[in-house]
Number of protein chains: 2
Amino acid sequence: MKGEADKLREIREGFVAQWGVMGTQWGINRTMAQIHALLMTGADAMSTDEVMEELAISRGNAHTNLKDLVNWGLVRIVTKKGERKEYFEAEKDVWEIFRRIVEQRKRRELDPALQTVEGCAEETKGMKTKEGKAFHQQMVQLEEFVRFASKMSDRVGSLPHGKAMQLAMKLFG
Amino acid sequence: MKGEADKLREIREGFVAQWGVMGTQWGINRTMAQIHALLMTGADAMSTDEVMEELAISRGNAHTNLKDLVNWGLVRIVTKKGERKEYFEAEKDVWEIFRRIVEQRKRRELDPALQTVEGCAEETKGMKTKEGKAFHQQMVQLEEFVRFASKMSDRVGSLPHGKAMQLAMKLFG
DNA sequence: CTAAAGTTTCACTAAAAACTGAAAAAACAG
DNA sequence: CTGTTTTTTCAGTTTTTAGTGAAACTTTAG
């Protein structure tokens, strides 16, 4: 008969693998998503070596992706007293995870888009031809939208979990 | 002296190129983003050959990405009377573009995630160990969140432009 | 039907991204 | 300091994804 611990390990491995696959579809690399899943579902913080072992990946790969996760604010470094090694621990609160992701994506995707679109809108401001006006108009629309999205991201980031849910539910029924 | 048309062409080319770069960061391939930018900022629908010419890409590439854009609902096929060729025309309304993207991403990213997480929550339902309970709890949290996100996506998709802005502004100031 | 125009597919190539493993650098205990 | 442990970097390799171009297929005009 199979113990509960074995069954859990199996299910967890399945989750980690699946999360990895989904990561690739999200435009995140597989390893990073897998490490995240692993840390998110584990009781204790893990060392680089433990992560390497568990996922059968190289040190370089483990290291880079752990550090990337730290940069995303999804994982933090902890140290155990008397030990020299770094351990990694994931943020587990789902709303907090969401906030961090929104924040980063805003920074990486929205902000650069805004710059581009702003520039194009500015440079076509006074155009007189039909094409020029249409292009300018399109850029203005886009700019407005990106600004809006940007603002929304900021707001989401500043709402605490419960409040957000409440408001959103009121808004959308 | 440089004419307005020339300047516009230059700016537009810049926009198309930039949009392509941003596409890659969004996890969308460069060509697809470029074609989208091209069609979004042009007055008329374009044929496959025109797109090939403008972006200096192969027929296969142009074809595949145009069809992908059609599948995303961001571009539609139009035919000119008396002509046999297919022409492609982009949705230009920014809010409508946003809705389509939300809809597709939900289908491609949220729905599969929900399945995975649901499964893991279900399979660990009755677990008795500390680890088992913790894992289950984490899965339940995730499931709730994904369901919430899913619902929000649907709601966004069903709101008309003006209404959405209004409501959102009220909500977030 | 036949031929021309247009669309789709696909084996192959090119480019980009991810990963490895080992060496270098940094941190630290004694 | 010196030796040991741990972290970081990076040149080279593998894997994955994107793109090419020509052939196959489809559609329609004559």
Side-chain angles (χ1 to χ4, degrees), chain A residues 16-39 44-72 75-89 108-109, chain B residues 16-39 45-72 74-89 108-109:
Chain A
V16 169
Q18 274 303 314
W19 208 248
V21 172
M22 289 182 341
T24 62
Q25 284 159 344
W26 259 81
I28 285 167
N29 82 54
R30 195 173 62 256
T31 304
M32 186 166 150
Q34 285 179 343
I35 296 179
H36 185 231
L38 196 63
L39 293 176
D44 310 314
M46 293 174 80
S47 67
T48 303
D49 293 77
E50 287 167 336
V51 170
M52 286 167 62
E53 161 102 37
E54 190 75 40
L55 300 177
I57 57 176
S58 72
R59 180 172 306 284
N61 193 12
H63 176 77
T64 319
N65 284 293
L66 279 165
K67 285 304 157 87
D68 283 354
L69 282 164
V70 170
N71 283 336
W72 273 77
V75 163
R76 50 183 164 271
I77 300 172
V78 295
T79 47
K80 298 188 177 182
K81 61 180 171 187
E83 281 214 55
R84 209 153 135 187
K85 218 182 298 219
E86 288 183 334
Y87 286 78
F88 299 88
E89 181 180 74
R108 292 163 200 233
E109 292 165 6
Chain B
V16 168
Q18 275 303 312
W19 208 247
V21 172
M22 289 181 343
T24 62
Q25 283 159 346
W26 260 82
I28 284 168
N29 82 54
R30 196 173 61 255
T31 304
M32 188 165 147
Q34 285 179 344
I35 296 179
H36 185 231
L38 195 64
L39 293 177
M46 293 174 79
S47 67
T48 304
D49 292 78
E50 286 166 338
V51 170
M52 287 167 62
E53 161 102 38
E54 190 75 40
L55 299 177
I57 57 175
S58 72
R59 179 173 308 283
N61 193 12
H63 175 77
T64 317
N65 285 293
L66 278 165
K67 285 302 156 91
D68 283 354
L69 282 165
V70 170
N71 283 336
W72 273 78
L74 297 172
V75 163
R76 50 183 166 272
I77 300 171
V78 296
T79 45
K80 299 189 176 180
K81 62 181 173 186
E83 281 215 56
R84 207 155 137 186
K85 218 182 295 220
E86 290 183 334
Y87 285 79
F88 299 89
E89 180 180 75
R108 292 163 200 231
E109 292 165 7

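Just so it is clear: chains get the letters A, B, ... in the order the sequence lines come, proteins before strands, and each one is counted from 1. Predicted, not measured: the structure shown is a model, and the values here were computed from it.
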Considering just the side-chain nitrogens and oxygens of [X], establish if one lies under 4.0 Å of OP1 or OP2 belonging to [N].
{"X": "B/Thr64", "N": "D/dA18", "value": "no"}
{"X": "B/Lys67", "N": "C/dT8", "value": "yes"}
{"X": "A/His63", "N": "D/dT7", "value": "no"}

(message) Using every non-hydrogen atom in the two residues, find where A/Ser58 and A/Met52 come nearest and quote the distance to one decimal.
(response)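 Distance-wise, the nearest heavy atoms are O-CG, 3.9 Å.
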(message) Can you give me the closest heavy-atom contact between A/Glu89 and A/Ala45, atom names plus distance?
(response)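 Looking at all heavy atoms of both residues, the shortest contact is CB-CB, 4.1 Å.
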Select one nucleotide: of [options], the one nearest the side-chain heavy atoms of [X].
{"X": "A/Asn29", "options": "D/dT7, C/dA18, D/dG19", "value": "C/dA18"}
{"X": "B/Asn61", "options": "D/dG19, D/dT4, D/dT7", "value": "D/dG19"}
{"X": "B/Arg84", "options": "D/dT7, D/dA29, D/dA18", "value": "D/dA29"}
{"X": "B/Thr48", "options": "D/dT6, C/dC19, C/dT7", "value": "C/dT7"}
{"X": "A/Ser58", "options": "C/dG21, C/dG6, C/dA18", "value": "C/dG21"}

(request) Could you point out which residue of A/Leu66, A/Val51, A/Val75 forms a side chain to side chain contact (heavy atoms under 4.5 Å, CB included) with A/Met46? (result)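 Answer to the side chain to side chain contact (heavy atoms under 4.5 Å, CB included) test with A/Met46 among A/Leu66, A/Val51, A/Val75: A/Val51.
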(message) Exactly one of B/Thr48, B/Val78, B/Leu69 should register a side chain to side chain contact (heavy atoms under 4.5 Å, CB included) with B/Phe88. Which one does?
(response)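 The residue from B/Thr48, B/Val78, B/Leu69 that satisfies side chain to side chain contact (heavy atoms under 4.5 Å, CB included) with B/Phe88 turns out to be B/Thr48.
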For [X] and [N], give me the distance from atom [atom1] to atom [atom2], rounded to whole Å.
{"X": "A/Asp49", "N": "D/dT8", "atom1": "CG", "atom2": "P", "value": "13 Å"}
{"X": "B/Lys85", "N": "C/dA4", "atom1": "NZ", "atom2": "P", "value": "17 Å"}
{"X": "B/Ile35", "N": "D/dG19", "atom1": "CD1", "atom2": "C1'", "value": "11 Å"}
{"X": "B/Met52", "N": "D/dG19", "atom1": "CE", "atom2": "P", "value": "14 Å"}
{"X": "B/Arg59", "N": "C/dT7", "atom1": "CZ", "atom2": "C1'", "value": "9 Å"}
{"X": "B/Glu83", "N": "C/dA5", "atom1": "CD", "atom2": "P", "value": "13 Å"}
{"X": "A/Leu69", "N": "C/dA18", "atom1": "CG", "atom2": "P", "value": "13 Å"}
{"X": "A/Asn65", "N": "C/dC19", "atom1": "CG", "atom2": "C1'", "value": "9 Å"}

(message) Need one value for B/Thr24: base, sugar-phosphate or nothing, where a base atom within 4.0 Å counts as base even if backbone is also close, heavy atoms only.
(response)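 Counting heavy atoms under 4.0 Å across all strands, no contact is made by B/Thr24.
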(request) Check for a donor-acceptor pair, side chain of B/Glu50 on one end and backbone N or O of B/Ser47 on the other, with a separation under 3.5 Å. (result)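 Judged by distance alone, yes, a pair lies under 3.5 Å.
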